[in-house]
Undergrad: 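A single structure is presented below for examination.
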Protein chains: 4
Amino acid sequence: MKTQPTRHERRKLHTRRKLLDAARQEIARRGYEATGVLDITEAADVSKGTFYLHFRDKEDLTRTLILEGFAALRTRLTEALGASPRPADSMEEALRVVFRHAAENRDLFRIMLGRQASAELQMTALEYFSNAVEEIIRGQIVPDRPLPLPPDLLARFITGAGVQVGLWWIEDDHGLSPEAIAAILYRLLTRGVLPDSLPVSPA
Amino acid sequence: MKTQPTRHERRKLHTRRKLLDAARQEIARRGYEATGVLDITEAADVSKGTFYLHFRDKEDLTRTLILEGFAALRTRLTEALGASPRPADSMEEALRVVFRHAAENRDLFRIMLGRQASAELQMTALEYFSNAVEEIIRGQIVPDRPLPLPPDLLARFITGAGVQVGLWWIEDDHGLSPEAIAAILYRLLTRGVLPDSLPVSPA
Amino acid sequence: MKTQPTRHERRKLHTRRKLLDAARQEIARRGYEATGVLDITEAADVSKGTFYLHFRDKEDLTRTLILEGFAALRTRLTEALGASPRPADSMEEALRVVFRHAAENRDLFRIMLGRQASAELQMTALEYFSNAVEEIIRGQIVPDRPLPLPPDLLARFITGAGVQVGLWWIEDDHGLSPEAIAAILYRLLTRGVLPDSLPVSPA
Amino acid sequence: MKTQPTRHERRKLHTRRKLLDAARQEIARRGYEATGVLDITEAADVSKGTFYLHFRDKEDLTRTLILEGFAALRTRLTEALGASPRPADSMEEALRVVFRHAAENRDLFRIMLGRQASAELQMTALEYFSNAVEEIIRGQIVPDRPLPLPPDLLARFITGAGVQVGLWWIEDDHGLSPEAIAAILYRLLTRGVLPDSLPVSPA
DNA sequence: AATGAATGAGGGTTCATTCAT
DNA sequence: GATGAATGAACCCTCATTCAT
C-alpha cells in the first residue's frame with residue numbers, strides 16, 4: 001500500500017495543480033465573480049468537464065486555494081517562531097513572517113482580501129485571520145490579570161487594521177521592506193495613532 | 001404656484017423610494033450578488049420594467065443607496081461637530097455620531113461593509129471612509145511637526161480597525177451603547193492594544 | 001354642422017400631422033423595425049400616450065402614411081393623364097409622373113420599398129403597385145385579342161422591374177432626370193434587355 | 001486514421017443541421033421577425049442554450065442558411081452550364097436551373113425574398129442575385145460594342161422582374177413547370193411586355 | 001481520467017401598450 | 001386632448017453544471 005503514486009495518480013494530481021494555479025492567476029486578474037469556470041479551464045488547458053472531476057464547484061476550488069494558503073502560512077509561522085515562542089517578542093516577528101509570505105503570494109492575498117475577492121470570501125478569510133489572532137490573545141491571558149476587553153473584539157480590531165495596512169502595502173510597497181511595514185504596523189497597534197507615539201523616521 | 005410637485009412627480013418619487021427601501025432590505029438579507037432585480041421589484045411590489053424606469057441597473061441603484069447613506073452621515077457629522085470643531089476633542093465625538101448612525105442604519109452598513117456586499121462595493125465604501133479619515137488627518141498636520149507616516153496609510157489603518165469593530169458591534173451590540181463602543185475604539189486607536197493601556201472596566 | 005374645425009379639431013389634426021411627419025422621417029432614417037414609438041413621439045414632441053390617441057399602433061400609423069402616399073400619387077396620375085387617357089401613349093407618361101412623385105417623396109418610397117421597410121410593408125406596397133398595374137393591363141385587353149399571359153403575372157413582372165429601377169434611381173439619380181429614367185424603364189419593358197434593342201445614348 | 005469524425009463531431013453537426021432545418025421551417029411559416037430563438041430551438045428539440053453553442057444569434061443562423069442556399073445554387077449552375085457556357089444560349093438554361101432549384105427550396109426562397117424575410121434580408125438576397133446578374137452582363141460586353149446602359153441598372157431590372165415572377169410562381173405554380181416559367185421570363189426579358197411580342201400559347 | 005456537447009434556469013433589458021391624472 | 005408613470009410579456013444571452021462518450 002502506498003507503494004508509488006501510480007502514474008495515474010501523479011497525472012491526476014498534476015491536473016489538479018494546473019487548475020489551482022490557473023484559478024489563482026485568473027481570479028487575481030479578473031476577480032472572483034467575473035471569473036468563469038471556462039476561464040479557469042482554458043487557462044489550465046483542460047476541458048470544462050475535468051473541472052468537476054476535481055472540484056465540486058468554483059467555490060470549492062477557491063476555498064481549497066485559500067486553505068492551502070493558510071496552511072502554508074501556518075507552517076511558516078510555526079517554523080519561524082519555534083515550538084514555544086515567547087509571546088511578547090514573537091508578535092512583531094509573526095508580523096514579519098506574514099508580510100514576507102504576503103509578498104511572495106500577492107495573488108493569493110489579493111484574492112482573499114482585495115477587490116478580487118467575493119465579499120463572502122473576504123469575510124471568510126478575515127475571520128480566519130481573526131480567529132488566529134484571537135487564539136494568540138487568549139493564550140496570553142494570565143488568570144489574575146484578565147483582559148478588560150473581549151478577545152474577539154481585540155482580534156477584529158487587530159485584523160481589520162492589519163489587513164488594510166497589508167493591502168496598502170501589497171498594492172504598492174512604497175519602498176518598504178516586509179520588516180519595515182511589520183515594524184510600522186506593530187508600533188501602530190501597540191502605541192496608537194497619535195503623532196506623539198509615532199516613530200520619528202518610519203522607513 | 002409650486003403647490004403641486006405634480007402628483008405625477010410625487011408618485012414617481014414614491015415608487016423610487018419603495019425600490020430603494022426594498023433593495024436595502026433584500027440585499028441586506030440575501031447579499032448583493034444573490035439579489036436579483038426581480039427580488040427587488042417583487043419586494044417593492046412594482047413590475048420589473050418599472051425598475052429600469054428609475055435606475056439604469058442594479059449597480060446604479062446600489063450606488064444611489066450608498067451615496068444617500070454617505071450624504072446622510074455627512075450631514076449628521078456636520079451638524080454634530082458644529083461649524084468649527086476643535087479636532088482633538090471632536091474625534092471621539094465623531095466616532096459616537098458614526099456609531100449612532102450605524103445603529104440606526106444597520107442594513108445599509110451591512111450592505112456596504114459586511115458579507116452582504118460585493119467585494120467591489122466593500123472596497124469602494126472602505127475607500128470612501130478611508131478618504132474621509134485621510135482628509136481629517138491632513139487637516140491636522142501642523143507644518144512644523146509633519147507626520148512621520150503617510151496619511152493614507154494611517155487612514156487605512158484606522159478605517160480597517162474601525163470597520164471591523166463596527167461590524168463586530170453591529171452583528172451583536174454585546175450590551176454596548178454607541179457611546180461605549182466609540183470610547184473603546186477611540187482608546188484602542190490612540191493607546192494601542194497592549195493590556196497595560198486598556199481601561200480597567202470596559203462597558 | 002361643419003361650421004368651423006373647432007380649434008380643438010384643428011389642434012388634434014395638427015398633432016396627428018406632427019406624428020405622421022415625424023414617423024416618416026424617423027422610419028426613413030432608422031428603418032421600420034428599428035424605430036420605436038418613443039422615437040416617433042419624441043421627434044414629434046408629444047408624449048407617448050398621445051400616440052395611441054391617434055393611431056392604434058405603429059403598424060396603423062405606417063399604413064396610414066403609405067395610404068396617404070398612394071392617394072397622393074393616384075390624384076397626381078389622374079390629373080396628369082386626364083379622364084380618358086389613350087393607354088398606349090399614356091404608359092410612358094404615367095411612368096414619368098410616378099418618378100417625379102418618387103423624387104419628391106424619397107423618404108416615403110424608401111419606407112415602402114427599400115431596406116427601411118419591413119418585409120411585410122414592402123410586399124404590401126408592391127402588391128398595391130402590382131394591382132394598379134394589373135388594373136391597367138386588364139383595361140387594355142380587347143376581347144378578340146386576349147392576352148397570352150395572365151395579367152397578374154405581367155403586372156408582377158412590370159412592378160418588380162420598375163421598383164428595382166426606381167430604387168436604383170432614388171438611391172442615386174446618376175444624373176438622370178425623372179423623364180430620362182422613365183424613358184429607360186419604358187424602353188426596357190417594351191423592348192427587352194438585349195443590347196440590340198437598347199437605345200444608343202441613354203441619358 | 002480519420003475513420004472517426006469523432007462521434008462528438010458527428011453529433012454536433014447533426015444538432016447544427018437540426019437547428020438550420022428547424023429555422024428554415026419556422027421562419028418560412030412565421031416570418032423572420034416573428035420567429036424567436038425559442039421557436040427555433042423548440043422546433044429543433046434542443047435547448048435554448050444549444051442555439052448559442054452553434055450560432056452567435058438569429059442573424060448569424062439566417063445568414064448561414066442563406067449562404068448555404070446560394071452556394072448550393074451556384075454549384076448547381078456551374079454543373080449545369082459546364083465550364084465554358086456559351087452565354088447566349090445559356091441564359092435561358094440558367095433560368096431553368098434557378099427555377100428548378102427554387103421549386104425544391106421553396107422555404108428558403110420565401111425566406112430570402114418573400115414577406116417572411118426582413119426587409120434587410122430581402123435586400124441582401126436581392127443584391128446577391130443582382131450582383132451575380134451584373135457579373136454575367138459584364139462578361140458579355142464586347143469592347144467594340146459597349147452597353148448603352150449601366151450594367152448595374154440592367155441587373156437590377158432583370159433581378160427585380162425575375163424575383164417577382166419567381167415569387168408569383170412559388171406561391172402557386174399555376175400549372176407551369178420550371179421550364180415553362182423560365183421560358184416565359186426569358187421571353188419577357190428579351191422581347192418586352194407588349195402584346196405583339198408575346199407568345200401565342202404560354203404554357 | 002478526460003472530454004466537450006448539451007442543458008436550462010436565470011439574468012438583464014426593451015418596448016408596445018394601458019390608464020390614472 | 002394630452003400626459004407620462006407603470007406594466008409585463010417577450011427577448012436575447014450567459015454560464016454553472018451534467019452526462020454520454
Side-chain angles (χ1 to χ4, degrees), chain A residues 6-16 33-41 45-59, chain B residues 4 6-16 33-39 41 45-59, chain C residues 6-16 33-41 45-59, chain D residues 4 6-16 33-39 41 45-59:
Chain A
T6 344
R7 187 170 302 145
H8 230 151
E9 282 168 5
R10 279 217 318 277
R11 184 157 169 57
K12 181 167 185 184
L13 240 59
H14 179 231
T15 300
R16 186 185 160 86
E33 303 288 355
T35 303
V37 171
L38 193 62
D39 296 318
I40 297 171
T41 54
D45 196 33
V46 298
S47 82
K48 224 184 337 170
T50 301
F51 182 94
Y52 293 90
L53 233 47
H54 292 273
F55 303 97
R56 191 157 15 77
D57 51 31
K58 193 170 63 164
E59 206 213 310
Chain B
Q4 8 168 164
T6 18
R7 191 167 299 142
H8 246 152
E9 281 165 5
R10 280 217 317 277
R11 187 159 166 57
K12 186 165 188 178
L13 239 58
H14 179 231
T15 301
R16 185 186 161 86
E33 303 288 355
T35 303
V37 170
L38 194 61
D39 297 317
T41 55
D45 196 33
V46 297
S47 80
K48 213 178 355 164
T50 301
F51 182 94
Y52 293 94
L53 210 58
H54 292 273
F55 303 99
R56 191 155 15 77
D57 50 31
K58 193 172 60 164
E59 204 213 310
Chain C
T6 343
R7 185 167 305 145
H8 229 151
E9 283 168 4
R10 279 217 318 278
R11 184 159 169 56
K12 182 168 184 182
L13 239 59
H14 179 231
T15 301
R16 186 185 159 86
E33 303 288 354
T35 303
V37 172
L38 193 63
D39 297 317
I40 297 172
T41 55
D45 197 33
V46 298
S47 82
K48 222 180 344 168
T50 301
F51 182 94
Y52 292 91
L53 232 47
H54 292 273
F55 303 98
R56 192 158 11 81
D57 51 29
K58 193 172 63 166
E59 205 212 310
Chain D
Q4 9 168 163
T6 19
R7 188 168 301 141
H8 247 151
E9 280 164 6
R10 280 217 316 278
R11 187 158 167 58
K12 186 166 190 180
L13 239 57
H14 179 231
T15 301
R16 185 186 161 87
E33 303 288 353
T35 303
V37 170
L38 195 60
D39 297 316
T41 54
D45 196 34
V46 297
S47 80
K48 220 199 316 190
T50 301
F51 182 94
Y52 295 94
L53 211 57
H54 291 273
F55 303 99
R56 194 157 11 78
D57 50 31
K58 193 172 59 164
E59 205 213 309

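A note on names: the letters A, B, ... follow the listed sequences, proteins ahead of strands, and every chain is numbered from 1.
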Undergrad: Nearest to the side chain of T50(D) - dA6(F), dT7(F), dA6(E)?
TA: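 Comparing dA6(F), dT7(F), dA6(E) against the side chain of T50(D), the answer is dA6(E).
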Undergrad: Taking atom P of dA20(F) as reference, at what distance in whole Å does atom CZ of R10(D) sit?
TA: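 Going from CZ in R10(D) over to P in dA20(F) covers 18 Å.
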Undergrad: What integer distance in Å separates F55(C):CZ from dA16(E):P?
TA: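 It works out to 15 Å between those atoms.
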Undergrad: Given atom CD of E9(B) and atom C1' of dT21(E), what is their separation to the nearest angstrom?
TA: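 For the pair E9(B) CD and dT21(E) C1', the rounded distance is 13 Å.
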Undergrad: Looking at CZ of R11(A) and OG1 of T15(A), how far apart are the two atoms once the value is rounded to the nearest 0.5 Å?
TA: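 Rounded to the nearest 0.5 Å, the CZ-OG1 separation comes out at 5.5 Å.
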Undergrad: Using every non-hydrogen atom in the two residues, find where R16(D) and F55(D) come nearest and quote the distance to one decimal.
TA: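 Here R16(D) and F55(D) meet closest at NH1-CE2, 3.7 Å.
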Undergrad: Give a yes/no on whether any side-chain N or O of H54(B) is located under 4.0 angstrom from OP1 or OP2 of dA6(F).
TA: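 So the side-chain polar atoms of H54(B) do come within 4.0 Å of the phosphate oxygens OP1 or OP2 of dA6(F), strictly under.
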Undergrad: With a 4.0 Å cutoff (strictly under), does any side-chain N or O of T15(B) reach OP1 or OP2 of dA6(F)?
TA: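 Checking T15(B) against dA6(F): at least one side-chain N or O falls below 4.0 Å of OP1 or OP2.
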Undergrad: Quick one: which of dA5(E), dG8(F), dA2(E) gets closest to the side chain of S47(A)?
TA: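 So the nucleotide nearest the side chain must be dA2(E).
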Undergrad: Please enumerate all protein N or O atoms sitting under 3.5 Å from an N or O of nucleotides 10-13 of chain F, with distances to 0.1 Å.
TA:
{"from": "dC12(F)", "atom 1": "OP2", "to": "V37(D)", "atom 2": "N", "distance (Å)": "3.4"}
{"from": "dC12(F)", "atom 1": "N4", "to": "K48(D)", "atom 2": "NZ", "distance (Å)": "3.4"}
{"from": "dC13(F)", "atom 1": "OP2", "to": "Y52(D)", "atom 2": "OH", "distance (Å)": "3.4"}
{"from": "dC13(F)", "atom 1": "N4", "to": "K48(D)", "atom 2": "NZ", "distance (Å)": "2.5"}

Undergrad: Nearest heavy atom decides the nucleotide; on that basis, is R11(D) or G49(B) closer to the 5' end of DNA chain E?
TA: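 The answer here is R11(D).
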Undergrad: Could you say whether K12(A) or R16(D) is positioned toward the 5' end of DNA chain E, judged by the nucleotide with the nearest heavy atom to each?
TA: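 Counting from the 5' end, the first nearest nucleotide belongs to K12(A).
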Undergrad: Rounded off to whole Å, could you give me the NE2-to-P distance for the H14(B) and dA20(E) pair?
TA: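 Nearest whole value for this atom pair: 18 Å.
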Undergrad: Return the minimal non-hydrogen interatomic distance between V37(B) and F51(B), and the atom names on each side.
TA: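 So the minimum-distance heavy-atom pair works out to CG1-CG, 3.6 Å.
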Undergrad: So if I take every side-chain heavy atom of L53(A) and compare against dT3(F), dA6(E), dA2(E), which nucleotide ends up nearest?
TA: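 So the side chain of L53(A) is nearest to dA2(E).
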Undergrad: Please report the closest heavy-atom contact between E33(C) and K58(C), naming both atoms and the distance.
TA: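 The answer is O-NZ, 3.9 Å.
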Undergrad: If you measure from OG1 on T41(C) to NE2 on H54(C), what distance do you get to the nearest 0.5 Å?
TA: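 The distance works out to 12.0 Å.
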Undergrad: If a stem is a run of at least 3 consecutive Watson-Crick or G-U pairs, both distances under 3.5 Å, which stems include DNA chain F?
TA: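 Listed by first number, the stems are E:2-21 with F:2-21.
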Undergrad: Nearest 0.5 Å, please: how far is OG1 in T50(C) from CD1 in I40(C)?
TA: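 Result: 13.0 Å between the selected atoms.
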